[in-house]
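Since the structure comes first, as structure tokens, the remarks are kept for the end.
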Amino acid sequence: RSTPKPSSAASDVYKRQSQRPEDIKHLGCTEWSMPNLMSNPAWMEFAHHGDDIVLRFFYNDIERIIYMTPNALAVPSHSLMGHSIGRWDNNTLIVDTTHIHAGRLDSRGTPQSSSIHIIERFTPSTDGERLDYEIDIEDPENFTEPFAQSRYWVWRPEIELGLYACGQTQQLQPFPK
């Protein structure tokens, strides 16, 4: 996978913020946006909602809608989750997301602009025990070229997402089924 190459303006912001740990927000009671949300270590689940898919995250009870019918809704104004259109390519869910608010790309404070465009691929392993994730990120205002990242999640059927109680660490564990 490729490494992001920040533009000079974005690089300056990143350097300043990475030198000031008190300015960097980690898993706290803050709002998350795409694509930073996908690097969150908290649990998530996919659910059908009519023709669409809802991606629900344990952290802050966030729900992200992936529209599976491209003409279902007009493109909205920018938001934290952006506007996601999905399609299937065999067993891989491909999600194209635009209209994401400008904010931070990661927990280190790397900036992202409202021009950011992401393509994600979710592919389950053949045994269904793992979900591979690839993301291509393009933000011409902050990076000199597109870049890609990847990660994976392990299937944990014994875990049911519970309610998130911000700031109450004793409630940060999922509910066992």
Side-chain angles (χ1 to χ4, degrees), residues 1-5 24-70 72 79-100 103-110 112 116-139 143 145-166 169-177:
R1 310 303 295 170
S2 55
T3 302
K5 295 180 178 142
I24 300 171
K25 296 176 183 174
H26 294 283
L27 284 178
C29 300
T30 60
E31 291 184 310
W32 284 66
S33 66
M34 285 297 298
N36 189 23
L37 178 62
M38 299 309 294
S39 64
N40 183 328
W43 302 276
M44 67 176 181
E45 68 182 357
F46 290 82
H48 286 283
H49 186 265
D51 291 335
D52 302 321
I53 295 173
V54 174
L55 188 49
R56 184 171 165 245
F57 295 84
F58 173 66
Y59 181 78
N60 269 7
D61 301 318
I62 295 170
E63 290 187 345
R64 177 181 169 206
I65 299 173
I66 301 169
Y67 297 98
M68 298 302 289
T69 50
S79 67
L80 292 173
M81 295 297 111
H83 185 71
S84 299
I85 302 288
R87 67 180 172 84
W88 290 102
D89 182 10
N90 295 317
N91 69 335
T92 297
L93 174 62
I94 300 174
V95 182
D96 188 328
T97 303
T98 59
H99 291 80
I100 303 168
R104 58 189 177 101
L105 183 73
D106 55 31
S107 61
R108 299 183 83 179
T110 305
Q112 73 184 35
I116 193 167
H117 176 217
I118 62 176
I119 304 285
E120 302 162 282
R121 284 173 292 289
F122 298 87
T123 308
S125 61
T126 54
D127 64 4
E129 296 295 317
R130 176 178 152 144
L131 182 64
D132 291 324
Y133 177 73
E134 297 177 12
I135 182 170
D136 296 324
I137 301 171
E138 183 177 0
D139 184 351
F143 299 96
E145 60 189 35
F147 63 96
Q149 297 177 332
S150 63
R151 69 171 298 182
Y152 67 88
W153 293 275
V154 176
W155 174 242
R156 298 285 308 273
E158 76 279 8
I159 294 176
E160 179 180 331
L161 293 188
L163 295 177
Y164 183 83
C166 183
T169 56
Q170 73 276 14
Q171 294 184 21
L172 294 182
Q173 298 299 316
F175 299 130
K177 285 187 175 179

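Values below: all heavy atoms of this structure, side chains included; hydrogens, waters and symmetry mates excluded. Along the sequence shown, residues are numbered consecutively beginning with 1.
A salt bridge is absent between R104 and D106: the closest approach of a Lys/Arg side-chain nitrogen to an acidic carboxylate oxygen does not fall below 4.0 angstrom.
Between P146 and D136 the shortest side-chain heavy-atom distance does not fall below 4.5 Å. Counting heavy atoms from C-beta outward, L105 and N36 have side chains that stay 4.5 Å or more apart. Here the side chains of I100 and Q112 are in contact, with some heavy-atom distance below 4.5 Å. Proximity of L80 to I62: side-chain heavy atoms (C-beta onward) are nowhere separated by under 4.5 Å. At a threshold of 4.5 Å between non-hydrogen side-chain atoms, the residues L55 and M38 count as touching. Side-chain contact between I116 and E138: absent, with no pair of heavy atoms (C-beta onward) separated by less than 4.5 Å. Inter-residue side-chain proximity for F46 and L131 is flagged as met; some heavy-atom pair is nearer than 4.5 Å. Using a 4.5 Å cut-off on side-chain heavy atoms (C-beta onward), M34 and T98 make no contact.
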Under the side chain to side chain contact (heavy atoms under 4.5 Å, CB included) criterion, do V95 and Y67 qualify, and how do the steps go? CA-CA 9 Å; V95 182; Y67 297 98; over 6 Å; no

Begin from the C-alpha positions of E120 and Y133 and carry the test side chain to side chain contact (heavy atoms under 4.5 Å, CB included) through to its verdict. CA-CA 7 Å; E120 302 162 282; Y133 177 73; 2.6 Å; yes

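With sequence neighbours excluded, the residues satisfying side-chain hydrogen bond (donor to acceptor under 3.5 Å, both in side chains) with T97 are R64, S84. Legend: residues meeting ring-ring contact (aromatic ring centres under 6.0 Å, His included) with Y152, ordered by chain and number and at least two apart, are absent. Remark: S125 engages D127 in a side-chain hydrogen bond (donor to acceptor under 3.5 Å, both in side chains) (not counting sequence neighbours). Evaluation of the side-chain contact (heavy atoms from CB on, under 4.5 Å) rule for T92 yields I94, R121, T123 as partners, not counting sequence neighbours.
Between F122 and the options I135, L93, D132, a side chain to side chain contact (heavy atoms under 4.5 Å, CB included) holds for only L93.
Note that the CD atom of E63 and the CD atom of E45 stand 8.5 Å from one another [nearest 0.5 Å]. Between atom CD1 of residue I66 and atom NE2 of residue H83 there is a gap of 11.5 Å, rounded to the nearest 0.5 Å. Taking CH2 of W153 as the reference point, atom CE of M44 lies at 3.5 Å (rounded to 0.5 Å).
Applying the salt bridge (Lys or Arg N to Asp or Glu O under 4.0 Å) test to every pair with at least one member in residues 82-98, sequence neighbours left out, gives no pairs at all.
The backbone N or O of S39 lies less than 3.5 Å from no partner atom in the side chain of Q149, so there is not a single donor-acceptor pair.
The shortest heavy-atom contact between M81 and L37 is SD-CD2, 3.7 Å.
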